[in-house]
Participant: 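This is the structure I have questions about; it appears just below.
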Protein chains: 2
Amino acid sequence: MTNRSNITKQKLLDAATDIIMSQGVHQLTLDEVAKTAGVSKGGLLYHYASKEALMTAIVERLQQEQNELYASLQQEGHGPVEAFVRLFDETNLHPERAAIHIDVEKMIAFLTLFAVDQEYADRWKQDLDTFFAQFQKTADPVETMIIRYALEGMMMSEHFGVGVPPAELKQAIIARLIERAHAIDSQS
Amino acid sequence: MTNRSNITKQKLLDAATDIIMSQGVHQLTLDEVAKTAGVSKGGLLYHYASKEALMTAIVERLQQEQNELYASLQQEGHGPVEAFVRLFDETNLHPERAAIHIDVEKMIAFLTLFAVDQEYADRWKQDLDTFFAQFQKTADPVETMIIRYALEGMMMSEHFGVGVPPAELKQAIIARLIERAHAIDSQS
DNA sequence: TCAAACAAACCGTCTGGTCGGTACAGAAAG
DNA sequence: CTTTCTGTACCGACCAGACGGTTTGTTTGA
């Protein structure tokens with residue numbers, strides 16, 4: 001894999017994510033991706049042999065970025081639950097702080113992708129299932145799951161722009177979630 | 001609107017929701033809806049002049065059912081926050097108890113619809129924004145929003161079937177959410 | 001008998017994917 | 001040093017199928 005090829009591939013993935021977040025998944029056409037990336041459709045299909053391959057690549061990149069960020073948060077000394085809260089915090093509220101940059105929109109792109117086709121969802125299910133399994137073995141599984149659910153719900157809310165609270169309230173919510181996550185991690 | 005017409009329309013909406021939940025929104029084609037409903041495409045288009053009209057009807061039916069259920073829960077004496085929790089509880093865990101029947105799948109159909117196109121989302125935004133505005137004026141807005149987010153996140157989790165906890169844990173989560181919602185309503 | 005309630009063939013567009021070709025950077029050959 | 005060859009990266013016209021919507025025809029019930 002040459003350097004040049006990699007750059008183009010990244011451009012294509014960037015273009016695809018841009019389209020998904022700005023226009024939705026149903027507007028994600030090969031022509032549009034190629035045009036946005038400044039490449040011909042032939043060029044696009046050279047790198048990603050099918051639309052599915054392209055979407056898979058999007059999911060995989062997001063997955064990798066997310067995992068790396070989570071790992072780095074744990075290396076900073078945070079427990080698994082608190083690191084999970086901070087993962088959302090970083091990607092939703094302070095994207096500039098994160099070494100690996102995942103902004104809300106990219107998360108959203110992933111989520112929408114996830115929503116549209118079960119097939120892409122399956123790629124995540126196994127990973128996430130094992131991941132959340134540990135959440136059910138903390139000192140307070142009920143509270144842990146509530147925290148988890150709250151974060152996912154908050155993400156959805158931000159995505160759809162529905163019932164989004166003022167910034168201070170949002171900060172306060174995150175703060176309280178971190179506080180509780182920290183308490184749970186301490187007990188575990 | 002004759003009786004016969006109404007039955008067919010309901011059949012069509014049922015078929016459409018079935019398809020969305022079993023195969024995803026991208027498989028929601030007019031041909032497929034017609035076929036599933038046991039009606040020709042012409043018949044379908046007779047009742048819903050366009051695909052958008054059909055989807056709008058799906059959203060509106062769900063919206064209406066949800067509003068009615070929420071209102072009935074409040075009439076049972078529950079405060080706004082607790083009623084909100086119980087709304088999700090009814091539709092997610094005890095669908096058989098509800099007078100107005102909304103099962104998980106229909107909720108899911110709505111959500112998926114919501115996820116795919118901003119246009120359908122806009123139909124809800126205003127309503128939901130004013131609705132959630134009252135949640136920011138309870139005795140504990142932070143906790144109230146956490147409860148709300150948790151319910152939405154839980155719904156998503158159920159939808160995608162990712163990281164779904166065992167039934168007892170799910171029950172415990174709902175129980176604790178109801179408990180806290182009740183406390184907030186009492187203080188407000 | 002008349003309108004509502006369908007049926008079904010048909011059309012135009014959109015879109016994923018194919019295919020033949022081009023540009024070009026190096027390696028091999030002479 | 002020049003020519004030939006080869007593989008990578010990319011282009012863009014084209015095709016086939018899917019899908020939303022139209023049109024025209026048929027049934028059915030009051």
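Hydrogens, waters and symmetry mates are skipped; everything else that's a heavy atom, side chains included, is used. The sequence lines fix the lettering, A, B, ..., with proteins before strands; numbering per chain opens at 1. Keep in mind the model is a prediction, meaning the values are calculated, not measured.
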Participant: For Leu54(B) and dC19(D), what is the distance between atoms CG and P respectively, to the nearest whole Å?
Facilitator: 15 Å
Participant: The side chain of Ser40(B) lies closest to which of these nucleotides: dA7(C), dA9(D), dC11(D)?
Facilitator: dA7(C)
Participant: Grab the NZ-C1' distance between Lys11(B) and dA5(C) for me, whole Å please.
Facilitator: 12 Å
Participant: Would Ser188(A) and Thr138(A) count as having a side-chain donor-acceptor pair, cut-off 3.5 Å?
Facilitator: no
Participant: Name the closest nucleotide to the Leu45(B) side chain, picking from dT22(D), dC11(D), dC10(D).
Facilitator: dT22(D)
Participant: Does Phe132(B) have Arg148(B) sitting over its ring (NZ/CZ under 6.0 Å from centre, angle to axis within 45°)?
Facilitator: yes
Participant: Would you check if there is a donor-acceptor pair between the side chains of Thr144(A) and Arg180(A) at a distance under 3.5 Å?
Facilitator: no
Participant: Separation of Lys35(B) atom NZ from dA7(C) atom C1', in whole Å?
Facilitator: 17 Å
Participant: Atom NZ of Lys9(A) to atom P of dT8(D): distance rounded to whole Å?
Facilitator: 13 Å
Participant: Separation of Asp31(A) atom CG from dG12(D) atom C1', in whole Å?
Facilitator: 10 Å
Participant: If only side-chain N and O atoms of Thr8(A) are considered, is one of them under 4.0 Å from the OP1 or OP2 phosphate oxygen of dC10(D)?
Facilitator: yes
Participant: Of the options dG17(C), dG21(D), dC6(C), whose atoms approach the side-chain atoms of Lys41(A) most closely?
Facilitator: dG17(C)
Participant: I'd like to know if Lys51(B) reaches the base of dG21(D) with its side chain such that a donor and an acceptor end up less than 3.5 angstrom apart.
Facilitator: no
Participant: Between dC19(D), dT15(C), dC10(D), which nucleotide has the shortest distance from any of its atoms to the side chain of Gln27(B)?
Facilitator: dC19(D)
Participant: Using whole Å, what does the distance between atom C1' of nucleotide dC14(C) and atom CG of Leu28(A) come to?
Facilitator: 15 Å
Participant: Taking CD1 from Ile7(A) and C1' from dT8(D), how many angstroms apart are they, rounded to a whole number?
Facilitator: 15 Å
Participant: Pairing donors with acceptors under 3.5 angstrom, does anything connect the side chains of Asp140(A) and Gln187(A)?
Facilitator: no
Participant: Can you check whether His47(B) has a side-chain N or O nearer than 4.0 Å to OP1 or OP2 of dA4(C)?
Facilitator: no
Participant: Counting side-chain heavy atoms from C-beta on, which of dA9(D), dG17(C), dA4(C) comes nearest to Tyr46(B)?
Facilitator: dA4(C)
Participant: Would you say the side-chain atoms of Gln64(B) and Glu60(B) include a donor-acceptor pair closer than 3.5 Å?
Facilitator: no
Participant: Please tell me which of Gly43(A) and Leu30(B) maps to the more 5' nucleotide of DNA chain D, matching each residue to the nucleotide holding its nearest heavy atom.
Facilitator: Gly43(A)
